[in-house]
2 protein chains.
Amino acid sequence: MARPHLTETEIQSFRSEASEAALSMIGEDGVSQLSLRRLAKRLGCSYAKPYTYFRDKEHLLDAVRGRAFGHLADYMTAALAAPPSGPFGAPYLQFAFDHPEAFRLMFELRQEYMSPETREAQARAWKACTQAFHDAVAAGVLEGDPELIAHVAWAALHGLASLALANQLYLGKSVEEVAEGLEAVMDGFRPLHARGGAKWLS
Amino acid sequence: MARPHLTETEIQSFRSEASEAALSMIGEDGVSQLSLRRLAKRLGCSYAKPYTYFRDKEHLLDAVRGRAFGHLADYMTAALAAPPSGPFGAPYLQFAFDHPEAFRLMFELRQEYMSPETREAQARAWKACTQAFHDAVAAGVLEGDPELIAHVAWAALHGLASLALANQLYLGKSVEEVAEGLEAVMDGFRPLHARGGAKWLS
DNA sequence: GTTGTTAAATTAACATTGTCAAGAAAAATT
DNA sequence: AATTTTTCTTGACAATGTTAATTTAACAAC
């Protein structure tokens with residue numbers, strides 16, 4: 001009885017290479033231009049080889065999303081590490097505008113499937129985004145349930161980024177203006193003595 | 001030299017019928033299942049007929065989006081008309097959860113094209129959503145620039161709806177909890193004497 | 001090393017799709 | 001009625017996701 005020829009690392013290696021290449025292609029031409037044939041050509045393999053490593057295209061895209069969430073986690077971690085109490089929201093918007101196609105893929109409104117691995121990468125990104133809120137509450141800069149504050153702030157930020165990317169901000173309000181408004185709103189989470197203090201967006 | 005056989009109303013009639021049927025099919029099976037062949041079968045015409053009325057599939061989807069925005073406008077108008085100063089945000093979330101596929105189509109992060117007609121329908125929907133904010137500011141229930149308040153509130157609401165539809169609300173926070181948080185945050189727009197007053201979400 | 005067996009990769013093939021060209025049918029003008 | 005123009009349908013093509021068939025490569029036993 002012959003055992004599998006491919007080692008686990010070889011499998012992971014191909015999956016990584018494929019999803020990273022796919023992410024890169026998506027960044028260049030958008031997700032609608034990604035086909036398995038084109039990806040295979042880029043990888044230098046036949047168009048059917050990915051089917052050995054991914055159940056179908058949806059599972060491949062899931063892996064790509066996982067990588068993208070990983071990148072977001074790294075990006076947020078790095079951005080928030082630098083200044084000890086820097087702005088919270090700006091890096092998230094920055095990521096969205098710097099990598100619009102990746103952002104679109106990650107937060108597509110229609111997602112057929114999400115693997116535990118991708119869920120995990122997503123949770124890492126979430127943690128990186130929200131750590132600052134925990135710190136701020138601990139330091140007395142914000143007050144309330146940090147997770148709840150984070151969800152509210154993130155929903156607002158994410159809505160802003162989404163509407164801007166979908167080109168659906170209306171009637172003469174720019175991203176900057178709305179961000180200013182969010183800024184003012186988040187002030188409600190600050191204890192009275194800290195109102196109008198350090199910005200969390202810019 | 002023969003003049004066009006189709007009257008403008010006939011053209012509009014087919015376009016309406018086609019986009020309404022398409023919207024309905026999308027509501028049933030999702031946008032990924034909509035093909036021109038299936039739509040044509042439903043309409044009882046050949047699969048190429050739509051090309052006489054729409055430049056390509058993207059233009060058809062644009063028309064469908066226009067109809068969907070029209071429905072949203074009607075829905076919000078009706079919902080906000082009933083109680084003179086009812087909750088602002090709840091109907092929007094309701095629409096999103098009642099018509100998830102339509103919502104997904106309308107706010108898809110990747111939109112290739114938007115016609116002036118669709119832009120207009122979108123503006124109507126936006127107006128219906130924001131009228132309540134203008135009223136509230138006029139009545140002294142909220143204070144500030146109504147358009148800015150509306151943008152901020154809408155960004156937050158929209159982010160919440162999007163994350164919920166994409167199944168990306170994290171780690172034990174429900175839509176209701178985050179909505180509660182938004183509620184608290186919007187309190188920041190209320191004049192001091194009105195804080196903790198009428199809810200705008202539920 | 002040869003040989004048999006199993007896994008992996010490639011190619012062939014199929015169904016579906018968007019799109020367009022060529023022809024058929026219908027309608028309007030003469 | 002004849003002609004011309006418009007609309008509609010059918011046929012065709014290329015691209016895509018996917019699976020089946022086939023070839024190639026890796027391992028095990030001898």
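Every chain is numbered from 1 and lettered A, B, ... according to where its sequence line falls, protein lines coming before strand lines. Both backbone and side-chain heavy atoms feed into the values below; hydrogens, waters and symmetry mates do not.
- The listed nucleotides are C:dT10, C:dT19, D:dG17; the one nearest the side chain of B:D56 is C:dT19.
- Nucleotide C:dT17 holds its C1' atom 13 Å from the NZ atom of B:K41, rounded to whole Å.
- Among the atoms of the strands shown, none is found under 4.0 Å from any heavy atom of B:L39.
- Dashed line: the shortest gap from a side-chain N or O of A:S35 to OP1 or OP2 of D:dT16 is under 4.0 Å.
- Between A:R15 and A:E117, no side-chain nitrogen of the basic residue sits less than 4.0 Å from a carboxylate oxygen of the acidic one, so the salt-bridge criterion is not met.
- Summarising the local packing, CD of A:E120 is surrounded by 12 or fewer heavy atoms from other residues, nucleotides or ligands at distances under 6.0 Å.
- The residue A:R38 sits close only to the backbone: its heavy atoms come under 4.0 Å of sugar-phosphate atoms, none of a base.
- Here the closest non-hydrogen pair linking A:V137 and A:G144 is CG1-O, 3.8 Å.
- Atom CD of A:E112 is separated from atom C1' of D:dG17 by 13 Å (rounded to the nearest Å).
- No contact: A:I11 has no heavy atom under 4.0 Å from any strand.
- B:Y53 comes within contact range of the sugar-phosphate backbone alone, with a heavy-atom separation under 4.0 Å but no base atom that close.
- Across the protein-nucleic acid pair, A:Y51 atom OH and D:dT22 atom C1' stand 19 Å apart, rounded to whole Å.
- Of the listed nucleotides (D:dT19, D:dT16, C:dT19), D:dT16 has the atom at the smallest distance from the side chain of A:R37.
- When distances are taken from the side chain of B:Y47 to each of D:dC8, C:dG18, D:dG11, the shortest belongs to D:dG11.
- Ion pair A:R65/A:E108 flagged as a salt bridge, since at least one NZ, NE, NH1 or NH2 atom sits closer than 4.0 Å to an Asp/Glu carboxylate oxygen.
- Spacing between atom CZ of A:F54 and atom C1' of D:dG17 amounts to 15 Å, rounded to whole angstrom units.
- Summarising the local packing, CZ of B:R55 is surrounded by 12 or fewer heavy atoms from other residues, nucleotides or ligands at distances under 6.0 Å.
- Taking atom NZ of A:K49 as the reference point, atom P of C:dA8 lies 11 Å away to the nearest angstrom.
- Per the geometry, CG belonging to B:L36 stands 15 Å off C1' belonging to D:dC8, to the nearest Å.
- Following rounding to the nearest Å, B:E10 (CD) and D:dC8 (C1') show an atom-to-atom distance of 14 Å.
- Between the CZ atom of B:F14 and the C1' atom of D:dC8 there is a distance of 10 Å, rounded to whole Å.
- Comparing D:dT10, C:dA9, D:dT18 against the side chain of A:K57 picks out D:dT18 as the nearest.
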